[in-house]
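In what follows, chains carry the letters A, B, and so on, assigned in the order in which the sequence lines appear, proteins first and then strands, with residues in each chain numbered from 1.
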Amino acid sequence: KNEVEQSPQNLTAQEGEFITINCSYSVGISALHWLQQHPGGGIVSLFMLSSGKKKHGRLIATINIQEKHSSLHITASHPRDSAVYICAVRSGTSGSRLTFGEGTQLTVNP
Amino acid sequence: EAGVTQSPTHLIKTRGQQATLRCSPISGHTSVYWYQQALGLGLQFLLWYDEGEERNRGNFPPRFSGRQFPNYSSELNVNALELEDSALYLCASSLTGSRYGYTFGSGTRLTVV
């Protein structure tokens, strides 16, 4: 079993829909990251969380430390949101390195 | 402020050759991380350098090596290239310490033929 599990693996939505991507992890962590990877490979760091909730524009990330679970929400989705969204954790046993989920491929159709 | 820069963006090598990939971190960042993303696979941790020292290493053979220079830029060297080394290699930088976020580069796509 992977230390970081994401669901769903693939998600197709219509423009304007509310989207949720889930991440569960099995290790103690010092921080959880949500990343966005566009075709071509470049990665953008969206959020770093250690507790609670963060919001940036139409993106919201939440984390429940007790349940070892995080969600990334996109409100009013747009075709430009189409990308791979990756959850990654920084655990206390792995130093500063990140352990990644497999990613969620999001496609938003107009 | 310049982001994390990686060079080259694309690299084609023949099996058995050596590849050198370079990364310049954001100014002030002392930690550099290397990750491999093979086709169809998730990101895998390769190496972490901080203050010129190798701090941690992923589950990769010794022919993957690197170094960090006094200006905190870093090189990743892959010797005796194999076809399965074809991947996107991503570099990230951060300040030292787990409470700081990462900034990723755009990656070097290595193709081994």
Side-chain angles (χ1 to χ4, degrees), chain A residues 1-10 21 23-25 27-52 54 56 59 61 63 65 70 83-105, chain B residues 3-6 8-11 21 23 25-26 29-51 53-60 68 86-111:
Chain A
K1 191 179 189 312
N2 292 336
E3 288 183 344
V4 183
E5 299 271 353
Q6 280 186 241
S7 63
Q9 282 188 304
N10 293 282
I21 299 170
C23 175
S24 297
Y25 53 92
V27 295
I29 66 169
S30 57
L32 182 143
H33 297 250
W34 280 103
L35 311 171
Q36 180 192 58
Q37 186 174 29
H38 279 281
I43 287 185
V44 173
S45 180
L46 299 174
F47 295 103
M48 183 177 76
L49 294 161
S50 54
S51 65
K54 287 191 176 180
H56 186 253
L59 302 177
I63 189 168
I65 297 293
S70 175
V84 176
Y85 292 84
I86 302 169
C87 170
V89 301
R90 207 168 191 174
S91 74
T93 58
S94 65
S96 282
R97 71 184 205 196
L98 293 175
T99 302
F100 299 86
E102 294 294 317
T104 295
Q105 173 69 62
Chain B
V4 176
T5 55
Q6 290 188 246
T9 52
H10 293 84
L11 187 58
L21 288 63
C23 173
I26 283 181
H29 285 187
T30 58
S31 278
V32 171
Y33 309 82
W34 287 95
Y35 295 92
Q36 182 199 63
Q37 188 177 40
L39 189 64
L41 298 177
L43 284 151
Q44 301 290 328
F45 167 74
L46 259 170
L47 288 159
W48 169 34
Y49 291 96
D50 182 64
E51 297 283 359
E53 301 284 332
E54 183 180 302
R55 301 295 185 184
N56 203 347
R57 182 181 179 86
N59 189 24
F60 282 83
Q68 187 178 34
S86 296
L88 178 69
Y89 290 84
L90 285 158
C91 170
S93 75
S94 76
L95 295 168
T96 301
S98 61
R99 67 182 183 276
Y100 298 107
Y102 287 71
T103 302
F104 283 83
S106 297
T108 292
R109 188 162 297 281
L110 172 64
T111 303

Which region of [X], side chain (C-beta onward) or backbone (N, CA, C, O), has a non-hydrogen atom less than 4.5 Å from a non-hydrogen atom of chain A, or is it both or neither?
X        : answer
B:Leu90  : side chain
B:Arg109 : side chain
B:Gln6   : neither

Between [X] and [Y], is there a donor-acceptor pair closer than 3.5 Å when you use the side chain of the first and the backbone of the second?
X       : Y       : answer
B:Gln68 : B:Glu51 : yes
B:Thr30 : B:Asp50 : no
B:Ser94 : B:Ser31 : no

Going by the ring pair (Phe, Tyr, Trp, His ring centres under 6.0 Å) test, name the single residue among B:Trp34, B:Tyr33, B:Tyr35 that passes it with B:Trp48.
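The single option meeting the ring pair (Phe, Tyr, Trp, His ring centres under 6.0 Å) with B:Trp48 is B:Tyr33.
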